[in-house]
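What you are looking at is a predicted structure, and each value in this text was computed from that prediction instead of being measured. Numbers restart at 1 for each chain; the letters A, B, ... are given by sequence-line order, proteins then strands.
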Protein chains: 2
Amino acid sequence: MTTEKPDIGATAKAPRRKRRKEARPGEIIAAGLLEFADKGYAATRLDDVAKRAGVAKGTIYRYFDDKQALFLAAVQSHAVPTVGLLEKFVTEFDGTTRELLNQLFRIVHAKLVQGDLQILMRIIITEGRHFPELTELYYKEGVSKGQAILAKIIKRGIERGEIRDDAAAALPIIILAPAIMAIIWKMTFNHLHPVDPDTFFAAHVDLVLNGLLVHEPKV
Amino acid sequence: MTTEKPDIGATAKAPRRKRRKEARPGEIIAAGLLEFADKGYAATRLDDVAKRAGVAKGTIYRYFDDKQALFLAAVQSHAVPTVGLLEKFVTEFDGTTRELLNQLFRIVHAKLVQGDLQILMRIIITEGRHFPELTELYYKEGVSKGQAILAKIIKRGIERGEIRDDAAAALPIIILAPAIMAIIWKMTFNHLHPVDPDTFFAAHVDLVLNGLLVHEPKV
DNA sequence: ATGCTTATTGACTTAATAGTCATTATCATG
DNA sequence: CATGATAATGACTATTAAGTCAATAAGCAT
């Protein structure tokens, strides 16, 4: 508290003020995202965001109109490039459906469940109701495209005779349900009952590919 | 706004004040629960809760120490009798695992996804992080017991030769993942892309029981 | 009816924080 | 080195909502 904050990678010897028109918005956004994710929109104080970003509160208002503008900027800054990546991956893939899903789930768990997008998921889930435009944005950019990819995988699988006819066709996103559950679990109960990420992943793959039941040859 | 609020089931003809020591706490709790679920803890105003409950703000403080006490009382008032019910149901059931899970999922969807417990799920998911004691309570009363029930079902299924050896044994709760996904979907995207409850239910049953893949007799 | 207890009220006080702005410090430029 | 432009500051104001309490009135007891 009493120590000067370390000037990360700065060459000068820490003047008490620093003009950094370029770097500031990004730093404020990063700080804001963390605070919003931690406390929720209503409960985060801009003073805390400022402190975390290493600026005074007034500085925030040089770059953002108000608290909501900062919030929207913060959430939107985390674009959704992962979806585009997945799209390409799926289109070009030519192995078995089993392998395709295995890889897909691996990426989803790495990015959404464990990775940096997890924080975004939490915000959408907890604050989405209060920011309809935001939910809509993420629905359009992320969810609906994701669904299209899943639908394509399922169609492909059915055509190749690897996926049961019509399985999950009415609700493709259900094959990601275990990943969503993992996110919720991490958000809420993981500290009381820690679950290993690999356990989530393995259970996901196993359940979705094979289901629960013993499969006897149809008589 | 200008009309008198209808006095629900009252016999007297609406005096401007009414003394109802017994009924008040429950009404305030009910109103609070709705407001908290809708706005989130930080953003709900006790004036709104009071208005919804048909009392003055001061009255809230006769029955609850402060906002947080009301919140905790509201959430805890929705006890978790469903779990006990499930426990009995599962213990006494003696049909096939397929039928058992079908019934179980039906209850879960009726109560958790669509029913009155949905509101509680939303609160735990969105506010749990800020109220550790609450999360702990629900973990102990609801989640851990629910997990035990699921574990029992799986064990039973394996013993009866109906469930694949070790399937979901490491993470029993995963068989409810589609229901959890349904809750999240309803919370966030349902207004943009409505999904029929039966679709959720059917997809849940189908995925968990059968998985995605075509099951050829093992060669 | 009369009086007494206390549930209820809502105006008031207090606390917290979003948002403002006059002042100050930094730095590019000549 | 002096100077103008402006990024940054933080004390200040405005606003909102939690929490208080003296006054009021419902309804019970006598």
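- Classification of the B:His109-B:His204 ring pair by plane angle, with boundaries at 30° and 60°, yields tilted.
- As rounded to whole Å, 9 Å separates atom P of D:dA8 from atom NZ of A:Lys21.
- Toward the 5′ end of DNA chain C lies the nearest nucleotide of B:Arg20, the other residue of the pair B:Arg20 and A:Ala42 mapping further downstream.
- Spacing between atom NZ of A:Lys18 and atom C1' of D:dT9 amounts to 16 Å, rounded to whole angstrom units.
- In this structure, CG of A:Asp47 is placed 18 Å from P of C:dA15, rounded to the nearest angstrom.
- Classification of the A:Tyr139-B:Phe189 ring pair by plane angle, with boundaries at 30° and 60°, yields tilted.
- Straight-line distance from the CZ atom of A:Phe36 to the C1' atom of C:dA18: 12 Å, rounded to whole Å.
- Note: B:Leu34 CG to B:Thr44 OG1 = 11.0 Å, rounded to the nearest 0.5 Å.
- For the segment residues 58-73 of chain A, residues with any heavy atom less than 4.0 angstrom from an atom of DNA chain D are, sorted by number, A:Gly58, A:Thr59, A:Arg62, A:Tyr63.
- Across B:His130 and A:Asp38, no two heavy atoms sit closer than the pair CE1-O, 3.2 Å.
- Heavy atoms of other residues, nucleotides or ligands lying less than 6.0 angstrom from CG of A:Asp65 number 12 at most.
- Considering only side-chain atoms of B:Ala56, the nucleotide from C:dT9, D:dG10, C:dT24 that sits closest is C:dT9.
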Residues 75-89 of chain B, side-chain donor-acceptor partners within the protein, below 3.5 Å, at least two apart:
unit_1	atom_1	unit_2	atom_2	d
B:Ser77	OG	B:Ala74	O	2.7
B:Lys88	NZ	B:Glu92	OE2	3.4

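- If you take NZ of B:Lys57 and C1' of C:dA7, they are 18 Å apart, rounded to a whole angstrom.
- The side chain of B:Arg45 lies closest to D:dA18, out of D:dA8, D:dA18, D:dA23.
- Contact check, B:Arg24 against C:dA7: no side-chain N or O comes under 4.0 Å of OP1 or OP2.
- In plain terms, the two heavy atoms of B:Glu141 and B:Lys145 that are nearest each other are O-CD, 3.4 Å.
- You'll find that the side chain of B:Leu46 is closest to D:dA18, out of D:dA18, D:dA25, C:dA25.
- Distance CD (A:Glu22) to P (D:dA8): 10 Å, rounded to an integer number of Å.
- Atom NZ in A:Lys39 sits about 10 Å away from atom P in C:dT17, given to the nearest Å.
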